[in-house]
Amino acid sequence: MPTKSYKKYISLFTFVAPAFILYAVFLLIPTISGMVYSFTDWNGLNRNYDFIGFGNFVEALTEDPDFVGSLLFTLKYVVFMVVLQNVFALLLAVFIESRRKTKGFFRTIFFMPNMISTIISAFMWTFVFAQVLPQLAEKTALTFLDQAWIGDPKVSFFSILTVSLWNGVGYMMIIYLAGLQGVPQSLKEAARIDGANAFQTFRNVTLPMITHAITICFFLTLNGAFKVFEVVYGLTGGGPGRSTQVITMNIYEEAFSNNFRYGYASAKSVILFIIILIFTFIQIQVMKRREVEA
Amino acid sequence: MKKIVKGMMITALAATVLAGCGNNANSTNNEGGSTGGGEAKSVKLKMFIAQPRFKEQYDKYIAAFVAKEKADKNIDVSVQLEMPTSDNAAQILKTRLASNDAPDIFALHATNEIPSYYKAGYLEDLSDQPFVGKLLDSVKPAVTTNDGKVVAVPLETISWGYLYNKKIFTEQGITPPTTLTEMKAVTEKLKANKITPFVLSYKEAWIPQLLLPLAAGALIETGNKDFVERMNKDEGSFTEMKSMFDIFDLINANGTDKATEVGGDDGAAAFAAGKGAMWLQGPWYAETILKNDPNMDFGVAPLPINDNPDATLINMGASTSLAVSKTTKNKEVALDFINYVLDDTASNDFFQSLKFNPISNIHTYDSYPWVNDAMVYIKEGKAYQEPKIPQSVKDEVGKGLQAYYAGQLSQDDVLKALDKAWQSYNKVNK
């Protein structure tokens, strides 16, 4: 009966409506209007603004060295973060999984930094980098600790990485732990009977079995690293100059300081959105293909 | 079927409730202006002042104003005072203005915000209000637009140069230098006595930024009068201001180390602890410095930028100012309040309690020593109006000088970036 399917849609709609309306009002509509603004020269204050087509996009990619610079810096950060965060998280997960009695203890300890809000951990680490480490260097003979950890653009990149990893690894570790616990014991035992050593078991049994966890973790780290803001804001503020400015900061600066070019900043946000979309799309496509079922 | 209908109705109900919230808010807002009673008119005045730390003082002053309106004009005024923190105040205000929900009276930054808000048509012309005549001549230009209209009453004004530790200066028998050569001699003498001449704090970009208003202001005042106008027409260049690096290099060469890791508060602590004799900073950090050391004795002096003693001048600027919205429905009461800010009898105590500098000849209270220091220079005519450099250029100079300090940019790179920032400002605001 045709009315039946019609009814189905009504009940679907009624169930989805409350969440969907909120989602639309607070997320979907602002996102779309942001995209509309990206084609204008609105400055956030004037009542009148003009549509200028792709002018903002062309300017961002061709005439704005600061934007391109921040984009490259972000890419560098993304590469380091995606690799290091997943490697560390997986190592920790494997290590914790191998414990028997102290499993809960280590899991809590390594997850704890994740419970502190990013901006607060950034401020904590600012104190560590600016006060504690130089003092340590003074009291002990470890002179290499006495550096401009967040003031020198060459070093500060690694300071930012350190804090991001410290803060972010715990969460990925939990996902990997769940994945590891889902690997059937029987498969591992079978591999051992076939004469595989620990590394071979891990490489050929465990890893393929947790590919779905890897997919999720890669997606989260990739996505998160592109959108990094608080850590850099709290540690260096993008400085000195613009040497550690990430792309979100460049957008923020364009919209809320400088010339308040909301339209232009929206265009930059759209560019960031498209970049993330492409990267995650490719990543998920590639990794989905490698997933296997037990 | 019944269940579906029920579900639909609940959804509809939820939607109307949500919509109802919005409607209610609107209707209460409109109430104020339109309901005029027979005997006592009642007016609801909305104010937006981003200084929550002064809530007590404002509340008290507003209460006095309400009493006065009732007595003089038989108007029942109820004031709805909104005090967001200054970090997000500009955002909230812009949203209000853009959504036609403008507060009747709002605070904004005189030099940084008045031009763009005036151009967007949000500010009422106040030129013919009585308070204008009471303003000091040195303050008035800060709230006057380029076409000569007074659009706000200033509250907070600042006279600044750099801060110096009076105790160290007396011990060493030195006085604030008036030329660059004298400044060099002073730093040499301090260094000879194992005192670091300058506290450096460049972590936050706005602190090195302070150099530009100081150096450019003095250079503009002594011979380059039309610099800002020419820059606005894309005809000038910051290469004319290159000599500002002379003093900047001198400060950097004789300062505390790791400057890019020291923020404003850390700098205040270092300055209060006597880790440097001078600090490129304004007296707005007085409170923080005194918190670190209540007995700290420091003064404000003009920064020498070249060997012309006439170019060693105090910078005078206004920051927080009150403006009236062009769309206000309660114009009469709003204007009354604006004038009441400089009321002949009440204003003196108000400004004193806020610890702001005097801005009118009706202000006769005693100010702080550092304010008096600056006033001495101002009375000698050794001061200039903060030049109207666009905010985006100031942001750029902060970043540029940070990078210059870190050795990433050359002087020419910085100047070129500044030219570009001003050009793009012109392009956006044409």
Side-chain angles (χ1 to χ4, degrees), chain A residues 3 7-8 10-11 13-18 20-22 25 41-48 59 63-66 123 126-127 129-131 133-134 146-154 156 159 235-245 253-264, chain B residues 1 3-8 10-12 14-15 18 88 90-91 93-95 97-98 100 113 116-117 119-122 202-205 208 257-263 266 390-396 398-409 414 417 420-421 424-425 427-429:
Chain A
T3 46
K7 268 187 196 167
K8 202 175 81 189
I10 284 188
S11 69
F13 180 75
T14 37
F15 277 116
V16 169
F20 182 75
I21 288 171
L22 285 178
V25 168
D41 59 358
W42 191 43
N43 74 349
L45 191 64
N46 275 2
R47 276 169 239 210
N48 310 318
E59 186 183 343
E63 294 169 38
D64 197 338
D66 292 333
F123 284 136
T126 308
F127 179 73
F129 284 131
Q131 308 283 340
L133 289 183
D146 189 21
Q147 295 216 30
W149 288 103
I150 50 178
D152 183 344
K154 288 188 212 86
S156 53
S159 306
L235 276 179
T236 65
R242 288 198 178 81
S243 50
T244 55
Q245 194 175 53
E253 186 186 279
E254 197 67 62
F256 301 114
S257 60
N258 282 10
N259 286 318
F260 302 106
R261 297 177 64 188
Y262 276 40
Y264 186 39
Chain B
M1 190 62 206
K3 273 182 188 163
I4 292 168
V5 172
K6 228 182 211 173
M8 291 281 280
I10 288 169
T11 319
L18 281 176
N88 45 26
Q91 286 316 306
L93 185 58
K94 277 183 186 172
T95 318
L97 293 173
N100 280 327
E113 293 178 332
S116 60
Y117 282 71
K119 200 164 157 273
Y122 289 119
Y202 295 155
K203 186 182 176 190
E204 294 148 25
D257 39 324
K258 283 195 193 163
T260 43
E261 302 204 338
V262 181
D266 303 326
Q391 184 60 31
S392 59
V393 177
K394 289 186 189 172
D395 289 343
E396 187 64 40
K399 299 234 163 64
L401 291 179
Q402 264 185 339
Y404 173 70
Y405 175 81
Q408 295 175 299
L409 290 183
V414 175
K420 193 178 165 234
S424 74
Y425 167 81
K427 208 171 93 188
V428 174
N429 294 286

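Throughout, protein chains are lettered first and strands after them, A, B, ... in sequence-line order, and every chain is numbered starting at 1. These values consider heavy atoms only, across backbone and side chains, with no hydrogens, waters or symmetry-generated copies. This one's a predicted model, so the numbers in the text were calculated from it and none came from an experiment.
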Exercise. Select one option (side chain, backbone, both, neither) describing which atoms of A/T126 are under 4.5 Å from chain B's heavy atoms.
Key: side chain
Self-check item: Side-chain heavy-atom pair B/K420, A/P65 within 4.5 angstrom cut-off
Solution: yes
Quiz item: So which of B/K94, B/Q402, B/K258, B/E261 has the largest heavy-atom pair count under 4.5 angstrom toward chain A?
Solution: B/E261
Self-check item: Rounded distance [0.5 Å steps], CG in A/L235 versus NZ in B/K203
Solution: 7.0 Å
Quiz item: Using a cut-off of under 4.5 Å for heavy-atom pairs, which of B/Y122, B/Y404, B/Y405, B/Y202 has the most such pairs with chain A?
Solution: B/Y122
Exercise. Give, for atom CD of A/E253 and atom NZ of B/K399, the distance between the pair rounded to the nearest 0.5 Å.
Key: 3.5 Å
Quiz item: When heavy-atom pairs shorter than 4.5 Å are enumerated against chain B, which of A/G237, A/P134, A/G238, A/S243 gives the highest number?
Solution: A/S243
Quiz item: Tell me, side chain or backbone of B/A406 under 4.5 Å from chain A's heavy atoms, or both, or neither?
Solution: side chain
Quiz prompt | Atom pair CD/OG of A/E59 and B/S424 - distance to nearest 0.5 Å | solution = 8.0 Å
Quiz item: Are A/R242 and B/E396 close enough that some pair of their side-chain heavy atoms sits under 4.5 Å apart?
Solution: yes
Exercise. Pick one of side chain, backbone, both or neither for A/Y264, based on which atoms fall under 4.5 Å of a heavy atom in chain B.
Key: neither
